[in-house]
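Note that this is a predicted model, so its numbers are computed, not measured. Letters A, B, ... mirror the listed sequences (proteins, then strands); counts begin at 1.
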Amino acid sequence: MVGMSEGISARARVAITSFSLLCVSLFLTAYSSKHPSLVSFGAVVVSEVVTPFQTCTNFLSSSARSFLERYVLLTRVSRENEELRVQLRNVEGELGVISEFRTENERLRSLLNFVSDTDLRGVVGRVVGSDPSGWVKGVTIDKGSSSGISVGMAAVVARGVVGQVVATSVNASRILLIADQTSGVDAIVQGSRVRGVVEGSGSQLCELRYVTRDYHVKRGEVVLTSGMDGVYPKGLLIGTVSAVEAGGATLFQTIEVTPAVDFARLEEVLIVTTKPASAEQSGEPLSSVVKRLRQKEGYR
Amino acid sequence: MTRALLFCLLGLIAIMIQGLLLRFGLPDVVLPQLVLVLVIYLGFNEIGVLGCFIAFVLGLLLDFSSALLLGPWAGALVTVYGILAVLSSRLFIESPIVAAFIALAASITGSVIYVLLGYEYRSISWEGVCRIVGQGLCTAVLAPGILGLLSRRLKKRSSPALGRSLSASLAS
C-alpha cells in the first residue's frame, strides 16, 4: 500500500513537472520568435559538436560509395581478364576521381562566373547536413563566423537564391531555405513587374503572396529578387511561376512558384558577405552627395 | 547526473543520424524520429522529475539543431514523456508489436503537439499530415529494435515498483 501511494505520488510529480515544462516550452516558443539570438546561442553549441562528425561522415560515406561502385561490381569477372581488369580498375578509379574533380570544378566555376558577373563577394561553403527533424527546410554548411559569415547573409548558387543564414558558429552555419514556411523573400515578376513576397508552402514549392487580383501574372514568368528586403541582392533568380489561381473570394491571387534551385542536390553554396557594387553606390550618404554637387556647381 | 549526460549524448547522436539520413537523400516523410524513441525509453525506465528534464533537454537540442524556434520540440517531447510515464504501468510493452504501436502513437502525438505549438509560425498542409503519419510508421518499425538495444545497454538500476521494466522483457 505504501509502495502504491509512493508510485502514485511519483506519477503525480511527473505529470506536474511535465505540464510545467510544457508551459515553459510555450513561453520559450513565443519568446524565441521575438528574440532569435536565444536560438542562435544554443545552435552554436550544437553545431560545433555535430558538424565535425557530419563532415567526417560525409567524407567516409562518399569514399565508401565510390569504393562500392568501383569494386563490388567487378567481383564476378573471370580470372582470364585479370590483368586487363586491374588496368581497367585503375583507370576507372582515376576516371572516377577525375570525374568527381571535374563536376566539382564545374560547380565551382559556375559559382565563380556567377560571382564575377554579379559583382558579389562571398564565401563558398560545402553543405554537410540537413535539419534533423524534417519539419524545417534548412541545411548546415562547413563555414562559419571564422570565414566572415554572420546571421542574415544571403545564400545563393549560380542557378538562383537558396536562403539566408539564421545561425552561425565558428566553423558552421545554418541556412534557412526559401522553401521553408517561415522564410520570405521580397520578389518581383520579371515580365509584369508585379511585386510580392515569395514564401515557402511547406512542400518543395513556394508561393508568391500578396499580389492583388488586379495584376495579371502568367504561367512561366520568371520571379527575381527585388532587393528591397535588404537581405538578397537585386535581380537574383528565385524561380518560375508554375500556377496562377485568381478565382475565389480572396483579395490576393494564389501564385505558385517553382524554385530554380533543386534543394535536394545542394552541394556548395555562396554566402554573400558584401553587398553588390551598385547597392553600395546607392547607399552613398546624403551628406557626401550634397558635398559633391556643391563642389561640382562651385557653390560654397 | 551521469545518466542524464549519457542521454544527452545519445540525443546528439540521434540528431546527427537524423540529419545525415536526410542529407543522403532520405525523404523527410519517412524519417524515423530517433530522439522520440529515446524519450519512449525514458518514459518506461526513468520515471521521475529527472526523466522529465532529460526529455525536455532532448527537445531543446532538437530545437537548437533547427535553429529557428526554441520550444516546440521541447514541449512535444516532454508531453509525450509525461503521458508515457503516467501510463507506463498500464501499458504492456513486452511485445515488439505493442512497442511499435506505442512508438506510432507517441510519434503522431509528438508531431501534432509540435505543429500545434508552432502553429502561429508554421501552418499544416497535406504534406505535413503525410509527414506525421510517415514518420510515425517509420519510427514504429525501428522502435522495437532500438528499445531492445537500449534496454540491453542501459540497465535500469532504480525501483522496479514504478511500472513494468522494458529492459527485462525485451531482453528475454
Side-chain angles (χ1 to χ4, degrees), chain A residues 3-4 6-7 10-15 17-33 36 38-47 49-50 53-54 57-58 61 127-140 166-167 174 176 180-182 201-203 264, chain B residues 12 14-20 22-25 28-29 31 33 35 47-49 51-53 55-56 59-76 78-79 81-83 85-86 89 111 113-115 117-118 120-125 127-128 131 135 161-163:
Chain A
M4 193 178 170
E6 278 175 1
R11 286 195 169 74
R13 276 203 301 274
V14 166
T17 314
S18 299
F19 183 73
S20 308
L21 289 175
L22 178 62
C23 294
V24 172
S25 306
L26 267 170
F27 170 75
L28 279 176
T29 307
Y31 187 79
S32 64
S33 68
L38 185 70
V39 190
S40 302
F41 173 74
V44 165
V45 180
V46 175
S47 290
V49 175
V50 170
F53 290 103
Q54 283 180 330
T57 320
N58 252 336
S61 68
V127 176
V128 292
S130 298
D131 173 70
S133 68
W135 284 89
V136 178
K137 301 217 179 291
V139 292
T140 309
V166 290
R174 290 196 188 274
L176 184 70
D180 189 84
Q181 277 186 309
T182 54
S201 62
S203 62
Chain B
L12 275 175
I15 286 169
M16 212 164 58
I17 293 170
Q18 285 183 204
L20 284 171
L22 281 175
R23 174 80 190 99
F24 293 132
D28 56 13
V29 177
L31 180 75
Q33 294 183 311
V35 182
I47 301 167
V49 176
C52 272
F53 277 98
F56 184 72
L60 284 182
L61 287 176
L62 207 49
D63 283 324
F64 279 136
S65 58
S66 297
L68 201 62
L69 278 176
L70 188 61
W73 275 119
V78 85
T79 309
Y81 170 83
I83 294 169
V86 169
S89 63
S111 297
I113 294 167
Y114 169 77
V115 170
L117 283 173
E120 195 179 334
Y121 318 97
R122 181 181 298 280
S123 59
I124 186 83
S125 57
E127 193 177 310
R131 195 183 295 140
Q135 289 190 348
L162 294 174

Enquirer: Short question: side chain of A/R13, backbone of B/V49 - any donor-acceptor pair under 3.5 Å?
Expert: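 Between the backbone of B/V49 and the side chain of A/R13 there is no qualifying donor-acceptor contact (under 3.5 Å).
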
Enquirer: So, for B/V78 and A/L22, which heavy atoms are closest and what is the spacing to 0.1 Å?
Expert: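 Of all heavy-atom pairs spanning B/V78 and A/L22, the closest is CG1-N, 3.9 Å.
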
Enquirer: Counting C-beta onward and ignoring hydrogens, is there a side-chain heavy-atom pair between B/S111 and A/W135 closer than 4.5 Å?
Expert: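 Side-chain contact under 4.5 Å: yes.
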
Enquirer: When rounded to the nearest 0.5 angstrom, what distance separates CH2 in B/W73 from OG1 in A/T29?
Expert: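 If we round to the nearest 0.5 Å, B/W73:CH2 and A/T29:OG1 are 12.5 Å apart.
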
Enquirer: Is B/L60 close to chain A through its backbone or its side chain, or both, or neither, when contacts mean heavy atoms under 4.5 Å?
Expert: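 Answer is side chain: those atoms of B/L60 sit under 4.5 Å from chain A.
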
Enquirer: If you take all heavy atoms of B/G82 and A/S18, which pair is closest and at what distance?
Expert: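 In this case the closest contact between B/G82 and A/S18 is CA-OG, 3.3 Å.
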
Enquirer: If you measure from CG on B/D28 to OG on A/S130, what distance do you get to the nearest 0.5 Å?
Expert: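 Output value for this atom pair is 9.5 Å.
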
Enquirer: So which residue, A/L26, A/V127, A/V24, A/T140, ends up with the most heavy-atom pairs under 4.5 Å with chain B?
Expert: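 Winner by heavy-atom pair count: A/V127.
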
Enquirer: If I take atom CG from residue A/L28 and atom CG from residue B/L69, how far apart are they, to the nearest 0.5 angstrom?
Expert: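 CG of B/L69 is found 10.5 Å from CG of A/L28.
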
Enquirer: Under the side chain to side chain contact (heavy atoms under 4.5 Å, CB included) criterion, do A/R174 and B/F64 qualify, and how do the steps go?
Expert: CA-CA 11 Å; A/R174 290 196 188 274; B/F64 279 136; over 6 Å; no

Enquirer: Atom OG in A/S25, atom CG in B/L70: separation rounded to 0.5 Å?
Expert: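 Atom-to-atom, A/S25:OG and B/L70:CG are 8.5 Å apart.
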
Enquirer: So, A/R11 side chain and B/A85 main chain: donor-acceptor pair closer than 3.5 Å or not?
Expert: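 At least one qualifying donor-acceptor pair exists.
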
Enquirer: Looking at A/S32, A/G129, A/A264, A/A167, which makes the most heavy-atom pairs under 4.5 Å with chain B?
Expert: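 The option with the most such pairs is A/S32.
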
Enquirer: Nearest 0.5 angstrom please: A/L21 CG to B/T79 OG1, how far?
Expert: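 Here the rounded value is 9.0 Å.
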
Enquirer: With a 4.5 angstrom heavy-atom cut-off, which part of A/V139 approaches chain B: side chain, backbone, both or neither?
Expert: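 Nothing of A/V139, per the 4.5 Å heavy-atom cut-off to chain B.
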
Enquirer: Rounded to the nearest 0.5 Å, how far apart are CZ of B/F53 and OG1 of A/T17?
Expert: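 Rounded to the nearest 0.5 Å, the CZ-OG1 separation comes out at 6.5 Å.
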
